[in-house]
Amino acid sequence: MASLLQTRGLTLKFGGVVAADAIDFDLQAGERLAVIGANGAGKTTFINMVTGYIKPSSGEIRFDGMDITRKHPRQVVQCGIGRSFQLPQLFLEHTVRESVELAIAARIGRMSLFRPLARCVDRAEVDHVLEVVGMAARAGDRCDSLPEGHRKLLDIAMALVLRPKLLIMDEPTSGVAADEKHPLMATIMKALAERSVTAIFVEHDVDIVNQYATRVAAWISGRIAADGPPEVVMNDPEVRTVVLGH
Ligand SMILES: Nc1ncnc2c1ncn2[C@@H]1O[C@H](COP(=O)(O)OP(=O)(O)OP(=O)(O)O)[C@@H](O)[C@H]1O
Ligand SMILES: [Mg+2]
C-alpha cells in the first residue's frame, strides 16, 4: 500500500548542527504516531519541513501521491496536511468564534475587507467544530482569556476546519495541567477518529504516548533511532537511556 506520507533522505543542517540526518520515514493512513525525543532532537524541525515552514537542504517529501518538498505552508495545507503548534499562533484579541470563522474563511477563500466575517461562513459549522473539541461554552471568550489547554484545542479546531487528511500536532499537551492532559487527548483523538484523520503528535509524557499512539518514532540527534509499536520502542535500550532517561 502506498504511504500517506513519505520522506526519503530528508536532511537539514543548522551550521554544525544536523537537525535532520537523512530521514527515511513512512506513515500509513489511519496511524496515530507519537514522536518522542529529547529537547533539540529535531522533532519540530521535521514537522517544519513536512509542513513547508523550512526547506530541507536535500531529500524528498511525498504526501498522498504528491511531491510536496518545495511547497509553501499554504499549499501544504491545500494538499491535506493540517498542523497545530508547540505554541499556538492565535490572535489574542479575537474571540474563539472569530478565530474559527477566520480559519473557515481562509479555506473557502472568501476573505473580504467589506463583508463581516460572520456573514462569509456557516455559523453551524463553527458551532459544530467547537462542540467537537468541547469548547462550545467558550465561543464568545477572547483568546487571551483561555487557559493553555483551551488554546491548544482551539488551534486544533482551526486546523480541523481546513479538512486535513493528516494532522500534525507539536506537543498538544505541553503547558497543560497534568490532570487535563488525558481529557484533552481523549477529546482530540475522538475528533480525529470521527473524521478519519491520520495523526502525528509530538509528546513528552510517557503515559500519553502509551495510551494514545498506535506507533512511536524516537528521534535522537536528527535521526529516527527506533520506530515501531509503543511496547517495543518504549523498551528499546537506546530510547530508554537517551530519550526517557532511565
Ligand atoms: N531556526 C534555527 N536556526 C538554528 N538552529 C535551529 C533552528 N531551529 C532548530 N535549530 C536547532 O536544531 C536542533 C533541533 O531543534 P528542534 O526545535 O527541531 O528540536 P525539538 O526536538 O523540537 O526540541 P523541543 O523538544 O525542545 O521542542 C536543535 O539543536 C536546535 O537548536
Ligand atoms: Mg519542538
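Order of appearance sets the numbers: ligands from 1, and atoms from 1 within every ligand.
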*Anything with a heavy atom under 4.0 Å from ligand 1 counts, so go ahead and list those protein residues by chain and number.*
Phe14, Val17, Ala19, Ala38, Asn39, Gly40, Ala41, Gly42, Lys43, Thr44, Thr45, Gln86, Glu171, His204
*Without hydrogens or angle criteria, can the side chains of Thr51 and Arg83 be said to hold a donor-acceptor pair below 3.5 Å?*
yes
*Would the number of heavy atoms belonging to other residues, nucleotides or ligands and lying under 6.0 Å from CZ of Phe91 be above 12?*
no
*asked:* What's the separation between atom CG in Leu5 and atom CG in Asp64, rounded to the nearest 0.5 Å?
replied: 10.0 Å
*Kindly check if the number of other-residue, nucleotide or ligand heavy atoms within 6.0 Å of NZ (Lys55) is above 12?*
yes
*What are the two closest heavy atoms between Leu167 and Ser84, and how far apart are they?*
CD1-N, 4.4 Å
*asked:* Between Glu60 and Arg70 (salt bridge meaning N to carboxylate O under 4.0 Å), is one present in this structure?
replied: no
*Decide ring pair (Phe, Tyr, Trp, His ring centres under 6.0 Å) for Phe201 and Tyr212; before the verdict, give the C-alpha distance in whole Å, the side-chain angles of both, and the deciding distance to 0.1 Å.*
CA-CA 10 Å; Phe201 59 100; Tyr212 297 98; 7.4 Å; no
*With a 4.0 Å cut-off, would you call Arg223 and Glu238 a salt bridge?*
yes
*asked:* When you measure from the centre of the six-membered ring of Phe85, is the NZ or CZ of Arg151 closer than 6.0 Å and no more than 45° off the axis?
replied: no
*Close to the Mg ion (ligand 2), meaning under 2.8 Å, how many protein N, O or S atoms are there?*
2
